Amino acid sequence: MPHRKSLSLVWRRYPQRYQLIGSKCLTCGTHFFPPRDFCPKCRRKGEIVEQKMKGTGKIHSFTVVRVPQEGFEMEVPYVLAVVELDEGPKLTAQIISVKPDEVSIGMPVKMVFRRISEDGDSGIINYGYKFEKA
Amino acid sequence: MQKVAVIGAGQTKFGEHWEKSFRDLMAEAGKKAIEDANISGNDIQAVYGGTMSAGRMIGQEHIGALIADSMGLNPIPSTRVENACASGGTAFREAYMAIAGGHYDIVVAGGVEKMTDVFTSQASLALGGAADQEWEVFFGATFPALYALIARRHMHEYGTTEEQMARVAVKNHHNGSLNPNAQYRRDVTLEQVMSSSKVADPLKLLDCSPITDGAAAVVLASEKIARKYCDDPIWVLGSAQASDTLALHDRESLTTLKSSVIAGREAMKQAGVKPTDINIAEVHDCFTIAEICAVEDLGFVEKGKGGKAEEDGMFDLNSNISVNPSGGLKACGHPVGATGIKQVIEAVEQLRGEAGKRQVDGAETALTHNVGGTGATAVVHIFSKEGN
Ligand SMILES: [Zn+2]
């Protein structure tokens with residue numbers, strides 16, 4: 001599909017998807033992931049700096065995906081979760097190395113770097129963060 | 001501001017229309033709406049058409065032009081409106097504002113989606129465009145998965161059960177069985193919903209709205225025109241829209257759609273009504289959990305009590321508030337861009353007393369609630385038989 005074909009489209013997200021580089025507002029202390037250039041709370045008064053997330057957090061909610069989207073057929077069934085990072089921001093990621101029925105809300109997790117999906121048309125293999133039990 | 005009324009409504013049947021194109025569907029709905037309004041095509045001054053994904057589904061953009069053309073309305077201005085699953089409701093609101101603001105006196109608002117010209121996997125991928133491509137879909141999120149994340153969290157925070165969600169499907173299928181335009185005109189049992197195949201736990205196939213073709217259109221008019229052309233205008237008393245983060249995970253709470261809360265409150269304020277004044281609500285039940293969130297976010301029940309209220313039948317046909325008397329997205333089907341307009345049509349038919357077997361007795365005030373994505377957009381309208 002067009003939105004996944006171009007290499008530059010995934011390449012420009014490497015720092016965030018590979019290393020959890022987010023940002024932080026020095027004015028109010030709020031962390032952002034993915035990074036924001038602009039603090040919605042402080043607006044023009046906010047001073048934003050780059051900030052790497054530690055990569056630890058806990059499961060806020062989760063599901064077991066049984067009908068996947070294209071490119072994820074190999075993964076099924078997989079656990080997809082909203083993870084709340086220790087710094088505060090939440091993100092969506094797969095939970096791996098744990099059986100679906102062992103996953104629970106509140107479970108501590110840590111980030112790992114993995115293959116995410118394969119784009120059949122272009123041959124691009126996408127990498128990024130997944131999480132496993134901490 | 002001019003007062004605005006709906007003076008005509010028309011829709012295609014919702015379902016798999018293999019014999020009909022996008023163009024055919026739009027033309028059929030538009031023609032019915034114009035005939036119902038008893039006006040001539042020459043009286044119409046502008047068109048707003050909602051469609052989410054024509055480019056992905058049929059390879060066609062420039063839908064504004066196509067709609068005016070297919071309805072034979074050239075050369076009046078025609079504009080496509082896209083707000084994912086809330087495209088129809090947003091198109092209606094644009095038409096409403098164009099009249100309320102005094103630019104026009106007669107405007108058509110339409111919605112259409114032709115989803116069965118592509119494989120289901122392609123349609124699903126297109127629907128995923130309503131979510132955040134870079135930060136949700138990239139990591140394996142599907143649309144049902146995102147609503148499943150809401151459902152799981154709702155169960156965790158409030159003790160909502162899978163049976164309570166299933167109960168929404170049972171109710172809406174029952175209402176749909178009474179609606180000749182619905183895709184699914186048959187009842188389902190709680191057991192059937194509970195034993196349907198798992199899509200994204202805890203959501204099962206029968207918790208999800210289907211892929212559907214369809215179109216819907218309404219004619220809106222200013223007060224002076226409405227009173228002249230129409231014996232039973234349905235007045236728009238409130239119109240509000242709100243936005244929230246594109247990605248679900250960016251929200252403080254996964255279980256409250258803040259956009260619904262804000263749009264609902266604002267529309268009710270404009271209309272001078274309270275949640276308890278609403279007799280009929282067409283809410284955005286793309287998944288059963290979405291209806292539970294909606295009845296809470298719109299203030300019909302306290303936060304967290306939606307599941308129990310559904311179980312107790314509080315939103316059944318002819319109860320306190322009849323929620324989704326049309327059958328909702330669940331049973332009518334969800335031709336994305338058409339859904340928001342179909343909701344308006346249900347409100348109009350109910351308030352006119354023309355809803356046949358699913359008619360709600362003494363319906364006076366109706367609400368429509370159309371959501372884009374997982375709540376990044378919400379549009380709420382309030383309708384009444386009486387203009388206040
Ligand atoms: Zn700040």
Side-chain angles (χ1 to χ4, degrees), chain A residues 1-4 9-10 12-13 16-17 22 32-36 40 57 59-85 88-96 100-101 103-106 114 116-117 119 126-131, chain B residues 53 55-56 59 118-129 131-157 196-205 207-208 244-255 287 289 374:
Chain A
M1 295 307 289
H3 66 280
R4 280 202 258 128
L9 202 153
V10 286
R12 78 171 72 94
R13 290 304 186 198
Q16 293 98 51
R17 287 177 181 159
F32 302 107
F33 186 87
R36 285 182 184 269
I59 291 182
H60 183 77
S61 188
F62 69 97
T63 176
V64 185
V65 179
R66 295 171 194 276
V67 181
Q69 50 152 312
E70 268 187 9
F72 287 81
E73 293 86 350
M74 302 292 286
E75 314 274 327
V76 174
Y78 57 90
V79 178
L80 188 81
V82 169
V83 172
E84 185 177 359
L85 298 174
K90 296 196 285 293
L91 52 75
T92 299
Q94 281 184 46
I95 307 297
I96 55 166
D101 57 5
V103 179
S104 61
I105 289 178
R114 290 289 185 277
I116 302 288
S117 66
D119 188 333
N126 294 309
Y127 293 89
Y129 50 76
K130 292 185 179 179
F131 284 73
Chain B
S53 208
R56 300 281 289 273
V118 292
F119 294 115
T120 303
S121 61
Q122 296 298 305
S124 302
L125 216 49
L127 294 176
D132 192 321
Q133 283 291 330
E134 287 193 303
W135 303 109
E136 294 180 320
V137 177
F138 177 88
F139 293 97
T142 61
F143 217 61
L146 293 170
Y147 273 91
L149 291 166
I150 296 177
R152 176 85 64 190
R153 189 70 202 178
H154 206 283
M155 293 165 74
H156 176 78
E157 289 177 12
S196 60
S197 60
K198 290 179 175 178
V199 175
D201 309 14
L203 299 183
K204 302 157 202 81
L205 189 63
D207 286 302
C208 309
D244 201 350
T245 61
L246 184 59
L248 175 69
H249 59 231
D250 274 335
R251 309 203 189 128
E252 211 172 305
S253 163
L254 300 193
T255 52
F287 298 91
I289 185 64
T374 52

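Because the structure is predicted, anything quoted here is derived from the model rather than measured. Labels below follow one simple rule: chain letters A, B, ... track the order of the sequence lines, proteins then strands, and each chain is numbered from 1.
Interface residue A/Tyr78: only side-chain heavy atoms are found under 4.5 Å from chain B. Interface remark: A/Pro89 contributes no atoms to any contact with chain B (heavy atom separation under 4.5 Å). With a 4.5 angstrom heavy-atom cutoff, A/Leu80 touches chain B via backbone and side-chain atoms both.
A/Val65 and B/Ala145 make their closest contact through CG2-CB, 3.8 Å (heavy atoms, listed as atom of the first residue, atom of the second, distance).
The choice from A/Glu75, A/Glu84, A/Arg66 that makes the most heavy-atom pairs within less than 4.5 Å of chain B is A/Arg66. Counting heavy-atom pairs closer than 4.5 Å to chain B, the top residue among A/Ala93, A/Pro34, A/Gly128 is A/Pro34. If you tally non-hydrogen atom pairs under 4.5 Å between each of B/Leu248, B/Asp132, B/Leu254, B/Asp250 and chain A, the highest count goes to B/Leu254.
When side chains are defined from C-beta on, A/Lys90 does not count as touching B/Arg251, because their heavy atoms never get closer than 4.5 Å. Put simply, the side chain of A/Arg13 does not reach to within 4.5 Å of the side chain of B/Phe138, judged on heavy atoms.
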*asked:* Between B/Val137 and A/Gln69, is the side chain to side chain contact (heavy atoms under 4.5 Å, CB included) condition met? List the steps.
replied: CA-CA 9 Å; B/Val137 177; A/Gln69 50 152 312; 3.3 Å; yes

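Remark: B/Ile150 CD1 to A/Thr63 OG1 distance equals 11.5 Å, nearest 0.5 Å. The structure places CG of B/Asp201 at 10.5 Å from CG of A/Asp101, a figure rounded to the nearest 0.5 Å. In this structure, the separation between CD1 on A/Ile59 and CZ on B/Arg152 is 10.5 Å, given to the nearest 0.5 Å.
Looking only at distances, a side-chain donor or acceptor of B/His249 sits under 3.5 Å from a matching main-chain atom of A/Thr92. Between the side chain of B/Arg153 and the backbone N or O of A/His60 there is at least one donor-acceptor pair closer than 3.5 Å. Within the 3.5 Å criterion, the main-chain N or O of B/Gly140 finds no donor-acceptor partner in the side chain of A/Gln94.
Ring planes of B/Trp135 and A/Phe33: perpendicular class, angle over 60° (limits at 30 and 60°).
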